[in-house]
Amino acid sequence: MKKINLVIDGEGIQIESKYTILDACKKLNINIPTLCHLDLHNLKMVNKSASCRVCVVEVIGRHNLAPACSTPVFEGMEVLTYSIRVMNARKTVLELMLSDHPTDCLSCSKGGECDLQKMAERFGMREINISGKSQSTYRKDKTISIRRNLDKCIMCRRCETMCNEVQSVGALSAINRGFDAVVAPAFEVNLHDSVCTFCGQCVQVCPVGALTETDRTWEVIEAIANPKKLVVVQSAPAVRVALGEEFGHEPGTNVTGKMISSFRKLGFDYVFDTNFAADLTIMEEASELLDRVTRYQQGDKNVHLPMLTSCCPAWVAFVETQFPDMLNIPSTVKSPQQILGTMVKEYFADKINVNRKDIVVVSVMPCLETKYEASIGLFSVDGNPDVDIVLSTRELAKLIKLSNINFNSLEEGEFDNPLGESTGAAVIFGATGGVIEAATRTAVEWITGESFDEVEYQAIRGEESIRIANLKVKDLELNIGIASGLGAARELLEEVQSGNPRNLHAIEIMACPQGCIDGGGQPYHHGDIDVIRKRKQGLYNIDASNKIRKSHENVGIQKIYNEYLGKPLGEKSHKLLHRSYSSKTRV
């Protein structure tokens, strides 16, 4: 594309005409303040609302100020980014926003992470000279996963872009006008009654406290303090490469040992690893895939392919609400969180002779949908849930800080057994493609009867939202699809509905772009793709350094099948580790 010439603050630059003034300013390291702008280059998506007007600049020859985030550059353009006219306009815009915004920053859960708060600090806002109308008449919508405080909504519409354009869920849209304008579900129904999947990506991109996770840290404190309860904690693979960011570590740093020690400092009775359940997931899911493919090749017309992975609960919520006619193709294996909860309250409870109702299982997850998943009646026995409380990675960090634990000085701890052993295959569950790669490591050896040292399937890895890998094992060809994000999932599912032209045998779907490392409950990364890349590499590094990298070689897994479960897809394992699906009708 032809480049054009422009001048910004007296400095010349050449840039392609497809770019905006903001893009050009970034190339010149000119810092333009933004609130509504959200640049998701890895998803090829930009929030185009240009609604906040904090980024206005002066274009010579233009009567009105121009929003830098949405104004395209042109040949000979001259731009002033810090003239007195620009500064006054930005200050006025910010004052108007603040005049219409609650001032409960001390108690706001987004305090310290709020972009509006940081902007006010940047502009030195100490007085608000404009009186505005409060939006406090809006009701607060609290689900078990996500809280909405609409009086804090600044109409940046980031959440709308993420929900509709990236995730294709369609749960949020702008409604009403003037002071009553907010982003909400259709007809202003509660999130629980909408098509929301609770993936939490809206929370991840919200610049203020309008969307946050439902905090359950105090319930954990109360459970630990209850002498009648035995409190067990589990942590997902993606947590260990993101938690350290809250304590000054580089993204992707493996803080597993310190995390375990912090759990013990907090007072948990047992510390188990969700990775153990991930290895169990592979045993069941790889068995199910091989069973389906084998029967299909033998001419069984009742086999449903492609098989879809089922470990991501937000993806499951998506298929139950948006594709109810396809509920016969997902794997029936529970998510690793629910498998670990089941094994604690059935196998481990029996082993230590404790009633399941006296055990509290706490999960630390990168995802906000896991909070909702744990509350589903399907995952309980006589009203007692398999997982009692779910915390996000952010909530765990807050709990550690609240408890005055010096995280960085902690010794390296180890998980408890028998539910603490895991393989490298389990840890890569946290990145898109990791589940199907882990399953492939096991399936290939089961098919061939041979052991392979090379277990990294590069064809499955990558950053593209849709990836296709064609693997040949002896006489068996496996065509595997990977969907990163629900928008990509929709595209692949519609392709399957049209006849599965690529003849896919399995599809891995992760609701969050790039997988759990980019989960809605992870530390805020503010759209920085490098943070996500470092977290992903952190998981791959843990896998590469693990002595055992195949789920079926996990000694703890072998033992639990021999002692308790029987065999993969057996009667007992199917009862405890598998689930059913049902269509959900929501607005």
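Other residues, nucleotides and ligands contribute more than 12 heavy atoms inside 6.0 Å of the CD atom of Glu412. The environment of NZ in Lys229 is crowded: more than 12 heavy-atom neighbours from other residues, nucleotides or ligands sit within 6.0 Å.
With sequence neighbours excluded, the residues that form a ring-ring contact (aromatic ring centres under 6.0 Å, His included) with Tyr564 are Tyr347. Applying the ring-ring contact (aromatic ring centres under 6.0 Å, His included) rule to His304 yields no partners; only residues at least two apart in sequence or on another chain are considered. For Asn417, the side chain to side chain contact (heavy atoms under 4.5 Å, CB included) partners two or more places apart in sequence, or in a different chain, are Glu421. Considering only residues two or more places apart in sequence or on other chains, Tyr581 meets the ring-ring contact (aromatic ring centres under 6.0 Å, His included) condition with none of them. Residues satisfying the side chain to side chain donor-acceptor pair (under 3.5 Å) criterion with Lys534, sequence neighbours excluded, are Glu250. Applying the side chain to side chain donor-acceptor pair (under 3.5 Å) criterion to Glu491, with sequence neighbours excluded, gives no partner residue. Here Thr440 pairs with nothing under the side chain to side chain donor-acceptor pair (under 3.5 Å) rule; sequence neighbours left out. Residues that satisfy the side chain to side chain contact (heavy atoms under 4.5 Å, CB included) test with Ser107, not counting sequence neighbours, are Asp104. Listed by chain and number, the residues in a salt bridge (charged side-chain N to carboxylate O under 4.0 Å, His left out) with Lys572 amount to none (sequence neighbours excluded). For Thr143, the side chain to side chain donor-acceptor pair (under 3.5 Å) test picks out no residue, with sequence neighbours left out. Residues forming a ring-ring contact (aromatic ring centres under 6.0 Å, His included) with Phe407 (at least two apart in sequence, or on another chain): Phe247.
Ion pair Glu445/Arg441 not flagged as a salt bridge, since none of the NZ, NE, NH1 or NH2 atoms sits closer than 4.0 Å to an Asp/Glu carboxylate oxygen. Taking the charged nitrogens against the carboxylate oxygens, Arg264 and Asp416 do have a contact shorter than 4.0 Å, which makes a salt bridge. A salt bridge does not link Lys334 to Glu284: none of the charged side-chain nitrogens sits closer than 4.0 Å to a carboxylate oxygen. For Glu246 and Arg394, the salt-bridge test fails: no basic side-chain N is under 4.0 Å from an acidic carboxylate O.
Taking the six-membered ring where tryptophan is involved, the planes of Phe272 and Phe348 are perpendicular, since the angle between them exceeds 60° and thus also 30°. Aromatic ring pairs are classed by plane angle as parallel below 30°, tilted from 30° to 60° and perpendicular above 60°; the pair His578 and His574 is parallel.
Within the structure, ring-ring contact (aromatic ring centres under 6.0 Å, His included) pairs that include any residue of residues 409-433 do not occur (at least two apart or interchain).
Between Leu368 and Val203, the shortest heavy-atom distance links the atoms CD1-CG2, 3.9 Å. The two atoms that bring Ser145 and Phe198 nearest to each other are CB-CD2, 3.8 Å, heavy atoms only. Between Glu456 and Arg461, the shortest heavy-atom contact is CG-NH2, 3.6 Å. Counting all heavy atoms, side chain and backbone alike, Phe318 lies closest to Gln167 at CE1-O, 4.2 Å. The two atoms that bring Met365 and Thr370 nearest to each other are CB-OG1, 3.3 Å, heavy atoms only. Smallest separation of non-hydrogen atoms from Ser403 and Leu266: OG-CD2, 3.2 Å.
Between the side chains of Asp141 and His192, no donor-acceptor pair is found at a separation under 3.5 Å. In this structure, a donor-acceptor pair under 3.5 Å is absent between the side chains of Glu222 and Asn226. For the residue pair Ser363 / Gln234, a side-chain donor-acceptor distance below 3.5 Å is found, with atom types taken as modelled.
Lys536 contributes a side-chain N or O that, together with a main-chain N or O of Gly462, makes up a donor-acceptor pair within less than 3.5 Å.
Note that Arg579 lies outside the cation-pi zone of Phe379, set by a 6.0 Å cut-off to the ring centre and a 45° limit from the axis. Geometric assessment of Lys550 against the ring of Phe452 yields a negative cation-pi assignment under the 6.0 Å and 45° thresholds.
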